[in-house]
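This structure is a prediction, so every number in the text was calculated from the model and none was measured. Here is the naming used below: chain letters follow the sequence lines, and residue numbers restart at 1 for every chain. Atoms considered below: every heavy atom in the structure, side chains included; atoms not considered: hydrogens, waters and symmetry mates.
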2 protein chains.
Amino acid sequence: MTAERNPEHTRQVILEAAFNEVLQNGFQATSLDSILSKTGLTKGALYHHFPNKTALGYAIVDELVFEQVASSWVRPLNNCENPIDCILGIMRGHMEKVTPEEMAVGCPLNNLTQEMSSIDEGFRTRLNKIYTKWREALADALKKGQQNGLVNSDIDAGQAAAFIVASIAGCAGTAKSTQCKKTFADATEGLMEYLGSLRL
Amino acid sequence: MTAERNPEHTRQVILEAAFNEVLQNGFQATSLDSILSKTGLTKGALYHHFPNKTALGYAIVDELVFEQVASSWVRPLNNCENPIDCILGIMRGHMEKVTPEEMAVGCPLNNLTQEMSSIDEGFRTRLNKIYTKWREALADALKKGQQNGLVNSDIDAGQAAAFIVASIAGCAGTAKSTQCKKTFADATEGLMEYLGSLRL
DNA sequence: AAACTAACATACTAGTCGGTATGTTGGGCT
DNA sequence: AGCCCAACATACCGACTAGTATGTTAGTTT
């Protein structure tokens with residue numbers, strides 16, 4: 001009676017353990033055994049739910065990374081009044097509650113992109129899709145802000161969106177390499193000042 | 001007579017082959033055999049010049065990556081009149097002559113940082129040293145520009161330097177994931193406009 | 001309750017990796 | 001000229017990996 005079979009839950013357990021291991025060690029350096037050791041499950045369970053290691057990696061991107069970026073960065077933009085205040089709020093929130101451990105392991109999206117996008121086209125397209133959706137949502141929000149007289153109409157919304165997304169990724173990368181909150185805060189505040197300069 | 005023993009040259013051959021392989025596949029995914037196959041040399045030669053794979057990776061950072069960043073980004077800042085024009089010139093140069101292949105493989109410094117800095121402290125300190133020197137050189141150049149009346153004195157030079165370096169890394173990362181020159185150009189031009197806004 | 005299937009566990013294979021032990025060769029020094 | 005050590009080459013080991021083959025158990029159906 002204690003058994004409690006729950007395939008969907010099992011799949012999710014494997015997926016999240018894989019996500020954490022990959023976040024810490026990178027995809028290629030993560031062994032399936034190290035993932036499974038965190039779950040108490042075995043290879044049989046893993047290969048029942050995923051055809052191979054690559055598919056497991058794709059699922060991490062398609063489900064966990066995608067959802068994380070969407071909920072943190074994309075969806076807040078869709079129904080907000082002032083896009084600049086919205087991004088500033090998200091960034092401030094991240095800055096305040098980020099732990100040294102999180103700074104060290106870095107951003108899941110950025111990590112996987114740098115590691116995998118040049119050696120596996122499947123990873124690259126999936127990760128690029130996430131970035132593209134993010135950029136589009138940001139560009140749309142900026143355009144709406146321009147129409148509402150909240151954002152300077154002189155700027156190219158698409159161009160600014162590309163720059164902002166790139167800079168956020170760059171700030172996360174800076175945090176990872178320095179592990180120094182001051183430098184991370186410097187870079188982030190530089191970005192915040194740029195965002196402020198976009199106001200009308 | 002054909003032999004031509006030249007240990008320093010041999011070491012350099014191994015080092016540069018390793019650099020190229022690591023740039024394309026990442027450090028952990030690069031096998032020593034794949035490096036050696038590009039050189040015509042063997043394991044004996046490699047282990048004569050480097051005690052282990054990690055030391056080879058450290059040498060790549062300390063010698064090749066360091067020198068590349070220093071010559072491209074740091075030294076031009078040291079003896080220039082206007083730091084903003086200087087950075088803009090470097091960026092424009094990179095934008096114009098970058099090949100699709102280079103965009104795909106990404107920036108050596110950024111790649112290694114994202115992959116290795118969270119799992120090997122030796123890599124992290126070495127890579128962070130490069131970033132720090134870069135940031136310091138940029139901050140100094142901005143300060144000098146402020147004294148000369150070329151750069152807005154309202155800005156915090158150290159903060160701006162941290163942001164600019166982070167954004168450049170972010171632009172390189174963007175290029176790697178999108179492999180779309182338009183998006184890369186958008187992000188870069190966004191950064192260029194920010195740089196322009198720093199003028200007095 | 002028997003039969004069947006999905007959901008796992010266990011044991012193993014084939015291959016690859018970093019690293020080592022040992023052999024060979026060439027060139028500078030005396 | 002001959003010696004000797006640095007500079008390599010070759011062969012191999014033990015550890016580890018992704019993936020497979022097969023066994024076992026829990027639920028579900030009839």
Novice: Are any protein N/O atoms closer than 3.5 Å to N/O atoms in nucleotides 5-7 of chain C? If there are, list each pair with its distance.
Specialist:
residue, atom, partner, partner atom, Å
C:dA7, OP2, A:His48, NE2, 2.8
C:dA7, O4', A:Arg5, NH1, 3.0
C:dA7, N3, A:Arg5, NH1, 3.2
C:dA7, N3, A:Arg5, NH2, 3.2

Novice: Rounded to whole Å, please give me the gap between CZ in B:Arg11 and C1' in D:dC8.
Specialist: 16 Å
Novice: Would you please name every residue forming a side-chain contact (heavy atoms from CB on, under 4.5 Å) with B:Glu121, sequence neighbours left out?
Specialist: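 Once residues adjacent in sequence are excluded, the partners of B:Glu121 under the side-chain contact (heavy atoms from CB on, under 4.5 Å) criterion are B:Arg124, B:Thr125.
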Novice: Taking CG from A:Leu46 and P from C:dT10, how many angstroms apart are they, rounded to a whole number?
Specialist: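 In whole Å, C:dT10 P lies 15 Å from A:Leu46 CG.
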Novice: Just the rounded figure in Å: distance from P of D:dC8 to CZ of B:Phe50.
Specialist: 11 Å
Novice: Do we see a donor-acceptor contact under 3.5 Å between the side chains of A:Lys176 and A:Asn110?
Specialist: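 No pair is found: no donor N or O on one side chain lies under 3.5 Å from an acceptor on the other.
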Novice: Could you work out the complete set of other residues in the hydrophobic cluster of B:Leu200, with links drawn between I, L, V, M, F, W and Y side chains under 4.5 Å apart?
Specialist: none
Novice: Would you mind listing every ring pair (Phe, Tyr, Trp, His ring centres under 6.0 Å) that reaches into residues 177-200 of chain A, with sequence neighbours excluded?
Specialist: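 Found A:Phe163-A:Tyr194.
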Novice: A:Leu36 has an atom CG; how far is it from atom P of D:dT17, in whole Å?
Specialist: 12 Å
Novice: Which ones in residues 13-31 of chain A lie close to DNA chain C, meaning a heavy atom under 4.0 Å from one of its atoms?
Specialist: none
Novice: Please list all pairs meeting side-chain hydrogen bond (donor to acceptor under 3.5 Å, both in side chains) that have one or both residues in residues 72-92 of chain A, counting only residues at least two apart or in different chains.
Specialist: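 Of all non-adjacent pairs touching residues 72-92 of chain A, those that pass side-chain hydrogen bond (donor to acceptor under 3.5 Å, both in side chains) are A:Glu67-A:Arg75, A:Asn82-A:Asp85, A:Asp85-A:Arg199.
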Novice: Between the protein and nucleotides 19-23 of chain C, list the N/O to N/O atom pairs that are separated by less than 3.5 angstrom.
Specialist:
residue, atom, partner, partner atom, Å
C:dG19, OP2, B:Tyr47, OH, 2.9
C:dG19, OP2, B:Lys53, N, 2.8
C:dG19, O5', B:Tyr47, OH, 3.4
C:dG19, N7, B:Lys43, NZ, 3.3
C:dG19, O6, B:Lys43, NZ, 2.5

Novice: Show me the donor-acceptor pairs, under 3.5 Å and distance only, between side chains in residues 35-44 of chain A and residues at least two apart or in other chains.
Specialist:
residue, atom, partner, partner atom, Å
A:Ser37, OG, A:Ser34, O, 2.9
A:Thr39, OG1, A:Leu36, O, 2.8
A:Thr39, OG1, A:Leu41, N, 2.9

Novice: Counting side-chain heavy atoms from CB outward, which of C:dT10, D:dC8, C:dC8 is closest to A:Thr42?
Specialist: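 Nucleotide nearest to A:Thr42's side chain: C:dT10.
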Novice: Let me know the distance between CG of A:Asp33 and P of C:dT10, rounded to the nearest Å.
Specialist: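 Going from A:Asp33 (CG) to C:dT10 (P), I get 13 Å.
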Novice: Mind checking side-chain contact (heavy atoms from CB on, under 4.5 Å) for B:Pro76 and listing every partner two or more places apart, or none if nothing turns up?
Specialist: B:Cys86, B:Ile90
Novice: State which residues pass side-chain contact (heavy atoms from CB on, under 4.5 Å) with B:Glu101; sequence neighbours excluded, sorted by chain then number.
Specialist: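 By the side-chain contact (heavy atoms from CB on, under 4.5 Å) rule, B:Glu101 matches B:Thr99.
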Novice: So for atom NZ, which belongs to B:Lys181, do other residues, nucleotides or ligands contribute more than 12 heavy atoms lying within a distance under 6.0 Å?
Specialist: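 Atom NZ in B:Lys181 is packed in, count exceeds 12.
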Novice: Check the distance between D:dA7's C1' and B:Leu41's CG and give it to me in whole angstrom.
Specialist: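 Result: 11 Å.
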Novice: Ring pair (Phe, Tyr, Trp, His ring centres under 6.0 Å): which pairs involve residues 32-61 of chain A, sequence neighbours left out?
Specialist: A:Tyr58-A:Phe123
Novice: With a cut-off of 3.5 Å and sequence neighbours excluded, list every side-chain donor-acceptor pair involving residues 131-146 of chain A.
Specialist:
residue, atom, partner, partner atom, Å
A:Thr132, OG1, A:Asn128, O, 2.7
A:Gln146, NE2, A:Asn152, O, 3.0
A:Gln146, NE2, A:Ile155, O, 3.0

